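In listed order, ligands and their atoms are each counted from 1. Values in this document were obtained by computation on a predicted structure and should not be read as measured data.
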Amino acid sequence: MERKQMYIDGEWTSGTSGKTFEVINPANGEVLAEVAESSVEDTRAAIAAAKRSFYETREWRDMDSQARSDLLLKIADRIEEELDSFAMLDSLDNGKPLREAQGDVADGVHCFRYYAGLIRAPHGGVYDVNEGFGRMHSYTVHEPVGVCAQITPWNYPFLMAVWKLAPALAAGNSIVFKPSSVTPLSAIRLFELFEEAGLPRGAVNLVMGPGSTVGNELGESMDVDMVTFTGSTSVGKSLMRAASSNVKRIGLELGGKSPNVIFADADLEGAVEWAMIGIFFNQGEVCSAGSRIIIEESIRDQFVKRLAERANAITIGDPVRNPDMGPLVSKQHMEQVLAYIEKGKAEGATLVCGGERYTEGECAKGYFVRPTIFDNCTSDMTIVREEIFGPVVTIQTFRTKEEAIALANDTEYGLAGAVFTSDLTTAMTVIREIRAGITWINCYNPTFNEAPWGGYKQSGIGRELGVHGLEEYQEIKQININLTPGPVGWYEH
Ligand code: NAD
């Protein structure tokens, strides 16, 4: 059995408590690895190391941007060399099909390269001002925030880590990182590469363990300058309360219940396929999943029939053998998804397909759930209101554009949304009315390192990726220079 350690102040360690936890393969319930569990003391040691690295030794913070950029490029190259083994870790650990994991790792490589490039591009602003005090030259510079704590979920173990680590490191921060305890393996390997690449001692620290202790300490600590979190809205709220301790800067990427609005004039086969990608990709364990299909009444029957045919044809199996869908991430999560399905039936939605655990052949011991479609759904149903985070989609219908917009926005979330239509005016009006941060027209889910990612409403605060993703990890300082030194005569009246 492989035993994995945490990484604090440039050393791999088993931590102070000697406790470990098991990482399980959701395809068969077998133990993949045993991981050292960080205590609150370990978490404090990691924070102290990051603090020393940022405020005392300052090696990473003061490194010239060319050298820092080169180091990030080196990390990207090393990840690329190990792309297949990184992908295998996520596939085994999370249950996602191997080819999807390979896509995640390739995206992560580009994310490191993007931020390595971005820190060498011009940024900041220059303002020539003269507002009563003589001529002034005013400009802004970007500086790292300081000690950043970063907490990630289990659905994209590698990619969510990179979306946080790459921009925070590019900006020159020192970091304490905590992956989900369900899926820590690819993050551990990434930190081994950080060490090998020569990141200075204390600039990156890895702690692992329960959110309620380790995560909460990261939120509350007076020595953490910023906390960024990707995960559920309920934990995001508790972290926000913890972060008030020293008015930390905070970034939250939270849950979603995103509308996928389909008009009768849309290309039907295209809409069906994108709807499948929207809800069954990554087993539906996607924050931006198109989990609420809102379809024009006149094409509902035809659409649902076609969607069900294709959902029933989805192959399910061991994710490393590349089926269409692997298992859900854990037994506990599978049970939660199945409980939602039961609730959907009890509340009167029509089960069109799926709706049960899948246990055929090699899947007998794993946590597999069949792709599930519920028709005749109404806005008050639990399955329409709450994030299920599995391969379960609800169908609602509309007759007018206004009705479609009202249904789309009838949610506390605001992460993503899409519209399918061949009418440009309809597409543009509906997309502008959807209160969500990431939207698509005639497609669902494509994401780019260059474009900002984040939610409205209870889906979060701030943006990852793109220029915004770097600026989240930077303070902006305004510097004002008086171009006419000497007395200004303010008190002479
Ligand atoms: P989760 O909220 O249960 O856990 C996320 C992380 O927070 C884990 O590392 C966990 O250990 C930690 N945590 C738990 N309790 C904590 C506490 N009290 N204080 C600090 N940290 C704590 O989420 P999950 O089940 O791992 O992931 C699924 C959720 O993540 C879904 O809601 C999904 O929508 C969301 N998500 C959002 C995005 C986005 O970009 N908006 C991306 C991926 C996932």
Side-chain angles (χ1 to χ4, degrees), residues 21 23 26 35 37-38 40 43 93-94 96 104 107 149-164 176-184 187 206-221 224 227-245 248 250-258 281-291 328-330 332-334 336-337 340 386-390 411-417 436-438 445 447 451-465 468-469 472:
F21 62 91
V23 178
V35 175
E37 181 177 308
S38 305
V40 169
T43 310
D93 204 351
N94 163 276
K96 62 176 71 205
D104 293 353
D107 278 354
Q150 305 184 314
I151 302 172
T152 53
W154 46 254
N155 65 331
Y156 282 86
F158 180 79
L159 196 58
M160 292 300 101
V162 173
W163 281 14
K164 294 200 176 336
V176 182
F177 179 82
K178 189 197 101 59
S180 166
S181 313
V182 186
T183 54
L206 173 69
V207 289
M208 290 170 293
S212 53
T213 52
V214 177
N216 190 56
E217 180 61 25
L218 294 173
E220 279 186 344
S221 170
V224 171
V227 62
T228 54
F229 167 83
T230 301
S232 59
T233 297
S234 61
V235 173
K237 287 180 186 178
S238 92
L239 199 63
M240 210 169 163
R241 283 190 288 274
S244 70
S245 59
K248 275 179 197 65
I250 189 163
L252 299 174
E253 296 287 346
L254 307 176
K257 190 73 186 174
S258 300
F281 192 82
N282 208 52
Q283 297 71 243
E285 295 166 327
V286 180
C287 51
S288 56
S291 51
L328 296 187
V329 75
S330 66
Q332 188 201 1
H333 185 58
M334 175 190 71
Q336 206 171 310
V337 171
Y340 271 118
E386 296 184 14
E387 183 182 44
I388 299 173
F389 222 56
T411 169
E412 67 198 27
Y413 295 109
L415 189 59
I438 308 140
N445 260 346
T447 307
W453 175 278
Y456 289 16
K457 294 157 79 178
Q458 293 194 35
S459 287
I461 298 175
R463 293 292 179 270
E464 293 194 308
L465 301 181
H468 291 81
E472 290 280 321

Check your understanding: So, Thr233 side chain and Gln458 main chain: donor-acceptor pair closer than 3.5 Å or not?
Key -> yes
Point to revise | Ligand-residue contact atoms, ligand 1 with Leu415, heavy atoms, under 4.0 Å | key: 41 (N)
Review point. Nearest protein heavy-atom contact for atom 21 (N) of ligand 1: which residue, which atom, what distance?
Key: Gly215 CA, 3.6 Å
Revision key, fill the gap. the protein heavy atom lying closest to atom 41 (N) of ligand 1 turns out to be Leu254 O, 2.8 Å
Practice item. Below 4.0 angstrom from a heavy atom of Ser238, which ligand 1 atoms are there? Numbered from 1 as shown, please. Key: 18 (N)
Exercise for review: Apply side-chain contact (heavy atoms from CB on, under 4.5 Å) to Glu253 and Trp163, showing your working.
Suggested key: CA-CA 11 Å; Glu253 296 287 346; Trp163 281 14; over 6 Å; no
**Study point:** Partners passing side chain to side chain donor-acceptor pair (under 3.5 Å) against Glu220 (at least two apart in sequence or in another chain)
**Key:** none
**Study point:** Heavy-atom nearest neighbour in the protein, as seen from atom 27 (O) of ligand 1, with distance rounded to 0.1 Å
**Key:** Pro153 CB, 3.2 Å
Exercise for review: Within a distance under 4.0 Å of any heavy atom of Ile151, pick out the atoms of ligand 1 and give their elements.
Suggested key: 6 (C), 7 (O), 9 (O), 12 (C), 20 (C), 21 (N)
Review point. Would atom 9 (O) of ligand 1 count as contacted, meaning some protein heavy atom under 4.0 Å?
Key: yes
Check your understanding: Near Glu253, which atoms of ligand 1 are under 4.0 Å from a heavy atom of that residue?
Key -> 37 (C), 38 (C), 39 (C), 40 (O), 41 (N)
Review point. Does Val176 reach the side chain of Leu218, with side-chain heavy atoms less than 4.5 Å apart?
Key: yes
Check your understanding: If you count the atoms of ligand 1 from 1 in the order shown, which ones are under 4.0 Å from a heavy atom of Pro179?
Key -> 9 (O)
**Study point:** For atom 35 (C) of ligand 1, closest protein heavy-atom neighbour
**Key:** Gly231 O, 3.2 Å
Review point. At a 4.0 Å cut-off, with the gap strictly under it, does some heavy atom of Ser288 reach an atom of ligand 1?
Key: no
Check your understanding: Do Glu472 and Arg463 meet the salt-bridge criterion of a basic N to acidic O distance under 4.0 Å?
Key -> no
Review point. Checking side-chain contact (heavy atoms from CB on, under 4.5 Å) for the pair Leu328/Glu285: CA distance, chi angles, key distance, verdict?
Key: CA-CA 8 Å; Leu328 296 187; Glu285 295 166 327; 3.5 Å; yes
Review point. Quick one: does Ser232 get an N or O within less than 3.5 Å of an N or O on ligand 1?
Key: yes
**Study point:** atom 36 (N) of ligand 1 [closest protein heavy-atom partner, distance rounded to 0.1 Å]
**Key:** Cys287 CB, 3.5 Å
Study note, to complete from the structure: for atom 11 (O) of ligand 1, nearest protein heavy atom and its distance come out as Lys178 NZ, 2.8 Å
Point to revise | Backbone or side-chain N or O of Trp154 under 3.5 Å from ligand 1 N or O | key: yes
Point to revise | Tyr413 side chain to Glu387 side chain, donor-acceptor N/O pair below 3.5 angstrom | key: no
Exercise for review: Would you check if there is a donor-acceptor pair between the side chains of Thr230 and Lys164 at a distance under 3.5 Å?
Suggested key: yes
Study note, to complete from the structure: So the atoms of ligand 1 within less than 4.0 Å of a heavy atom of Asn155 turn out to be 43 (C), 44 (C)
Revision key, fill the gap. With Thr447 as partner, the option from Ile438, Asp107, Leu465 fulfilling side-chain contact (heavy atoms from CB on, under 4.5 Å) is Leu465
Study note, to complete from the structure: Residue set satisfying salt bridge (Lys or Arg N to Asp or Glu O under 4.0 Å) with Asp104, at least two apart, ordered chain then number -> Lys96
Practice item. Between Phe389 and ligand 1, find which residue part has any heavy-atom pair under 4.0 Å and reply side chain, backbone, both or neither. Key: side chain
Review point. Hey, is Glu285 touching ligand 1 through its side chain, its backbone, both or neither, going by heavy atoms under 4.0 Å?
Key: neither
Practice item. Under the side-chain contact (heavy atoms from CB on, under 4.5 Å) rule, what do Lys237 and Leu254 come out as? Steps first, then yes or no, please. Key: CA-CA 10 Å; Lys237 287 180 186 178; Leu254 307 176; 6.0 Å; no
Check your understanding: What atoms of ligand 1 come within less than 4.0 Å of a heavy atom belonging to Trp453?
Key -> 39 (C), 40 (O)
**Study point:** Minimum heavy-atom distance between Cys287 and Phe389, given as atom pair plus value
**Key:** N-CE1, 3.5 Å
Review point. Is Ser330 close to Trp154 at the side-chain level, that is, under 4.5 Å between some pair of heavy atoms?
Key: no
Revision key, fill the gap. For atom 32 (O) of ligand 1, the closest protein heavy atom turns out to be Glu387 OE1, 2.6 Å
Check your understanding: For Thr152, is at least one N or O under 3.5 Å away from an N or O on ligand 1?
Key -> yes
Practice item. Please assess Thr411 against Lys457 for the test side-chain contact (heavy atoms from CB on, under 4.5 Å), listing each intermediate value before the final yes or no. Key: CA-CA 9 Å; Thr411 169; Lys457 294 157 79 178; 4.2 Å; yes
Check your understanding: Short list, please: which atoms of ligand 1 are under 4.0 Å from a heavy atom of Asn216?
Key -> 19 (N), 20 (C)
Review point. Does the N or O separation between Thr230 and ligand 1 drop below 3.5 Å for any pair?
Key: no
**Study point:** Nearest protein heavy atom with distance in Å, relative to atom 14 (C) of ligand 1
**Key:** Gly211 CA, 3.5 Å
Check your understanding: So which bit of His333 gets within less than 4.0 Å of ligand 1, heavy atoms only: side chain, backbone, both or neither?
Key -> neither
Point to revise | Nearest heavy atoms of Asp93 and Pro184, plus distance in Å | key: OD2-N, 3.6 Å
Exercise for review: May I ask whether Phe229 has any heavy atom positioned less than 4.0 angstrom from an atom of ligand 1?
Suggested key: yes
